[in-house]
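Shown next, in C-alpha cells, is the structure this report addresses.
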2 protein chains.
Amino acid sequence: MAATIKDIARVLNISTSTVSYALNGGPRTVPEGVKARVLATAADLGYRPNRLAKSMVTGKTSTFGIVPPGTSILAAASPYFQIVLNGILSAADEVDHDVLIFTGFRDGNEDRFIDNVLDGRVDGLIFLAPPKGTQIFAHPELTKVPHVMTNCWLDCSVPAINCDNEAGIRDALKYLVELGHRDIGMLYGKLDLDDGIQRHAAFMEFMTDAQLPIRAEWIKDGDFTPAGGYTAAYSLLTQDRIPTAVMCCNDEMAVGFVRAAAELKISVPDQISVVGFDDSPMASSVHPTITTMRQPLEEMGRAAVLALSALISGLPVRNQTFSTRLIVRASASRPSEDTKTHD
Amino acid sequence: MAATIKDIARVLNISTSTVSYALNGGPRTVPEGVKARVLATAADLGYRPNRLAKSMVTGKTSTFGIVPPGTSILAAASPYFQIVLNGILSAADEVDHDVLIFTGFRDGNEDRFIDNVLDGRVDGLIFLAPPKGTQIFAHPELTKVPHVMTNCWLDCSVPAINCDNEAGIRDALKYLVELGHRDIGMLYGKLDLDDGIQRHAAFMEFMTDAQLPIRAEWIKDGDFTPAGGYTAAYSLLTQDRIPTAVMCCNDEMAVGFVRAAAELKISVPDQISVVGFDDSPMASSVHPTITTMRQPLEEMGRAAVLALSALISGLPVRNQTFSTRLIVRASASRPSEDTKTHD
DNA sequence: CTGAAAGCGCTAACAT
DNA sequence: ATGTTAGCGCTTTCAG
C-alpha cells in the first residue's frame, strides 16, 4: 500500500491540508519546523505524490500529447518524426513535462481518437504533419483541448508551425541556376502532405517563372524515402537525355538518388548535381555529402512546445513560419560543358 | 463544462452506476432499452470518459512508459531509439495503449525521476538501452512499477530484451574470414552501453581465438555515429598499412567509414571490405550498400511491450535474446590479391 | 434489477 | 496559523 498524504497527516497528527501545503510549498505558508517534519515523514513512508489525483483536481497534467505524422503509425519511423520529436522532448524536458504519444489516429477512427485525447491525460496536443484530408480538425470536440500542428497549412484556426517550403525550393533552384543549370529535374513525394504538395508546386512555379524547361520525364515520384528516390533516380537516369541537376524534395530521396547514380557510374556532381531538402542526418553522412536546404526541424519541435504552452496559458498564438537555409556541400556544382544541352 | 456520468444519470433519472455499467458493457448487465438511451444521451451531451478518474479507481492507465536511451535526452535522435520506438508504438497500438515518454532521466536526478514514474500515469516502464552505470535499478522504490529493459544486461532481476551481440559479431567476422580476410580492423563505440562493450569484447575474443592479428592502430572509437565513424576511418585509412576488412560495430559508423573511404579513393569493397551491425535504414541507402548483421530492433520493441504486458498481468517473464542475421550486401567481398598482406 | 454511497488521493475553499 | 470538508469523475460494494 503506497503512502498518501493522509498517512503523513495521521503520523504527525496534523491535517491533510497542512501536509499538502508543506509538500507543495504553498499556496498557504507552513512553519519551517512543521514543513521539515512533513518532508521527513514523507521520505520515511516512501510517499510518492499521485499525479492522477492531483491532475483531477487541478486540471493540469504536466504532459503534452503528440500525434505522429500521417494516418499510419509507421510514419513514426521517418527521420522527420525523429527529429521533431527530439526537439519536442528537449523543450518539454525544460518545462518539466513529459510527452504522451497517441497511437490510435486512423481514418474512420475519429471518435475513438477524440475520446482518447480528451480523456484528461494531456494538457494539449501537437499534431505532427497531419495528413491533408483529415477530418479531425473539423471535429467540434477537438476545440476542447488546446492544440497546434507542424508542417501543415490548413485554412483553419489551428496554430501552425511551418517552414517556408516555397522560398526553400526557390532558393535551392536559384542556386542551381546561378551555378549554370537550366535542365533541372525533380524528385517529389508524399502529395498527401502539405510539405510534399508545396515543394512540388514551388518547383513548377519557379521553372515556369524562370522560363526553364519542365520535362515530365525528369519529374518523378520518390515517395520521400531512400528506396523511392533510388527507384525514381534509376528511371530518370537511364533515359537518353538527362538533366544536369535534380532537385530532390527531401534528403532521403537525395540519398537514394546518389546511390543510384553511383551504381550507374554517373558522377555526382560532375555529371549531375543534386540538391536535397531538410538537412536530415543522412545528408551529411553519405558520399558525396548532399547540398541541401536546411529546415530547422528540431527548433520547430521546440517552437511547437512553446506555442502549445502559450495556448494552454490562454495566451494568443500566431502561426510561425521558419526560414530555410542553403547548406552547401558536395553534391552540386557547375554543370560541365559536355553535359550541358541547349534547347 | 464537460458532461459526466452524473449528467447522463440526471437527464435519464437513473443512477450513475447504471450509466457506468451501460457505458462499459458490464460487469453488471443493463437492459437493452436503458443501455440504448444511455448511449444516446451520452452522445447528445458530448460525454467523454475521464480516464484520470477511471484510472484512479481501477489502478490501470492503458499507457506504457518509456525511458529513452542513455542519460541524455539527445539519445532520442538515434536511429536505435527511432526503430525500437516504432516497434513499441505499433505493439502498443494493437493493445490499445498509448506511450508516455519520460524526459527527466539524468544522473543525480533519480529521486525526482522515481517520483515521476511512480505518479500513476503508466502501468509499466520500458527502459531503452539504459546507461551502464545507472543507479536507477538499485532504487528500492522502482520495484513498485513493473518494468523491463532493452539492450542491457544487468545482473539483476529486471527482465531484459536483448540481441546476441557476441554471436552477431562472431558471425560477421566468420563471414569475413571465410571470404579470405585475416587483417581485420574494428570501429567500436559507446563503451558506456552494453551493446558497445559486448561487441568490442566479442571482436577481441574472436580475433584471439582465431589467432588473427589484433593491431591497436586498426581499432578505433567511432562513437556509434556517422561523423565518428568518418573521423575514425580517416585516421585508420591514412596509415601506411591498412587492414583488408573492417568490422563496424554499428551501421552509422559503417556509413561514415564508407564515406571516408570514398573521399580517399579507397574502393569499398575492392580495396577494403566493411561489415556493419544493426541493419539500420542507412545501411541499405548508401553506396555501396552495407553488408551487416541485422538486429531485429522493431521486433525487440514489440517484444518489450509484450513482456511488459505479461509482467503487468502478473505473468512470469523471462529474458529474451534475439538472434542476429547476416544481411549480405555490397560492402564486403574477397580481398584482392594485391591488398593481401602476410605476416 | 437498480439506487445510494463509499472511496481512489489530492487541492482548496471554508471554517475556526 | 491550522483543521474540516467538499469535491474532481469514476467504479463498485452494499442495500434494497
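Nothing here was measured: the structure is a model prediction, and the numbers come from that model. Throughout, a chain's letter reflects where its sequence line sits, starting with A, and its residues are numbered from 1.
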Legend entry - Residue list, side chain to side chain donor-acceptor pair (under 3.5 Å) with A/E141, at least two apart or on another chain: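 Expected list: A/K144, B/R48.
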Inset, instruction - Classify the nucleic acid contact of B/D119 as base, sugar-phosphate or nothing, counting any heavy atom under 4.0 Å across all strands shown. - result: nothing
Inset, instruction - Give B/T16 one of three labels, base, sugar-phosphate or nothing, depending on what nucleic acid heavy atoms sit under 4.0 Å from its own. - result: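 Touches a base.
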Inset, instruction - Enumerate the residues from residues 52-61 of chain B whose closest heavy atom to DNA chain C is under 4.0 Å, giving them by residue number; use none for an empty result. - result: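 Heavy-atom cutoff 4.0 Å gives B/M56, B/V57.
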Spacing of [X] atom [atom1] relative to [N] atom [atom2], expressed in whole Å:
X     : N      : atom1 : atom2 : answer
B/I5  : D/dC10 : CD1   : C1'   : 5 Å
A/R10 : C/dC10 : CZ    : P     : 12 Å
A/I14 : C/dT11 : CD1   : P     : 14 Å
A/K6  : D/dA6  : NZ    : C1'   : 13 Å
A/L23 : C/dG9  : CG    : P     : 15 Å
A/I8  : D/dG3  : CD1   : P     : 14 Å
B/N24 : D/dG9  : CG    : C1'   : 12 Å
A/D7  : C/dG7  : CG    : C1'   : 14 Å

Inset, instruction - Can you tell me which residue pairs pass the ring pair (Phe, Tyr, Trp, His ring centres under 6.0 Å) test with a partner in residues 24-67 of chain B, sequence neighbours excluded? - result: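 Every ring pair (Phe, Tyr, Trp, His ring centres under 6.0 Å) pair that includes a residue of residues 24-67 of chain B, provided the two are not neighbours, is B/F64-B/H97.
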Inset, instruction - Would you list the pairs meeting side-chain hydrogen bond (donor to acceptor under 3.5 Å, both in side chains) in which at least one residue belongs to residues 126-138 of chain A, sequence neighbours left out? - result: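 Every pair satisfying side-chain hydrogen bond (donor to acceptor under 3.5 Å, both in side chains) with a residue in residues 126-138 of chain A: A/K132-A/D194.
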Legend entry - side-chain hydrogen bond (donor to acceptor under 3.5 Å, both in side chains) contacts in which one or both residues fall within residues 18-34 of chain B, not counting sequence neighbours: B/S15-B/T18
N/O (side chain, [X]) to phosphate O (OP1/OP2, [N]) under 4.0 Å:
X     : N     : answer
A/T18 : D/dG3 : yes
B/T4  : D/dG9 : no
B/N50 : D/dC8 : no

Inset, instruction - Scan for salt bridge (Lys or Arg N to Asp or Glu O under 4.0 Å) pairs involving residues 117-127 of chain B, sequence neighbours excluded, and state none if there are none. - result: A/R51-B/D119, A/D98-B/R121, B/D119-B/R121
Legend entry - Inter- and intrachain pairs under salt bridge (Lys or Arg N to Asp or Glu O under 4.0 Å), touching residues 299-318 of chain B, at least two apart: B/E94-B/R302
Legend entry - Pair B/Y80 + B/F224: ring centers closer than 6.0 Å: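 B/Y80 vs B/F224: aromatic centres not under 6.0 Å.
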Legend entry - Partners passing salt bridge (charged side-chain N to carboxylate O under 4.0 Å, His left out) against A/K60 (at least two apart in sequence or in another chain):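 Expected list: none.
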Legend entry - Relative orientation of the end axes in the helix from C/dC1-D/dG16 to C/dT16-D/dA1, expressed as an angle to the nearest 10° (five pairs per end): 60°
Legend entry - Salt-bridge contact A/D93-B/R106 (side-chain N to carboxylate O under 4.0 Å):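 Salt bridge: yes.
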What protein N or O atoms touch nucleotides 13-16 of chain C N or O atoms at under 3.5 angstrom, if any, and at what distances?
from, atom 1, to, atom 2, distance (Å)
C/dC14, N4, A/R28, NH2, 3.2

Legend entry - Qualifying residues under ring pair (Phe, Tyr, Trp, His ring centres under 6.0 Å), relative to B/F113, sequence neighbours excluded: B/F105
Legend entry - Given D/dC10, C/dT11, C/dC1, the nucleotide with the shortest approach to the side chain of A/S20: C/dT11
Inset, instruction - List the atom of B/T61, the atom of B/S55, and the distance in Å for their closest heavy-atom pair. - result: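 Nearest pair, atom of B/T61 first, then B/S55: CA-OG, 3.5 Å.
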Legend entry - Closest non-hydrogen atom pair, A/C152 against A/A160: O-CB, 3.6 Å
Legend entry - Selection: residues 33-44 of chain A, any non-hydrogen atom under 4.0 Å of DNA chain D: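 Contacting residues: none.
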Legend entry - Short side-chain donor-acceptor distance under 3.5 Å, B/N151 and B/N162: no
Inset, instruction - Walk me through it: do B/R10 and B/D7 pass the test salt bridge (Lys or Arg N to Asp or Glu O under 4.0 Å)? - result: CA-CA 5 Å; B/R10 195 178 313 120; B/D7 298 317; 3.2 Å; yes
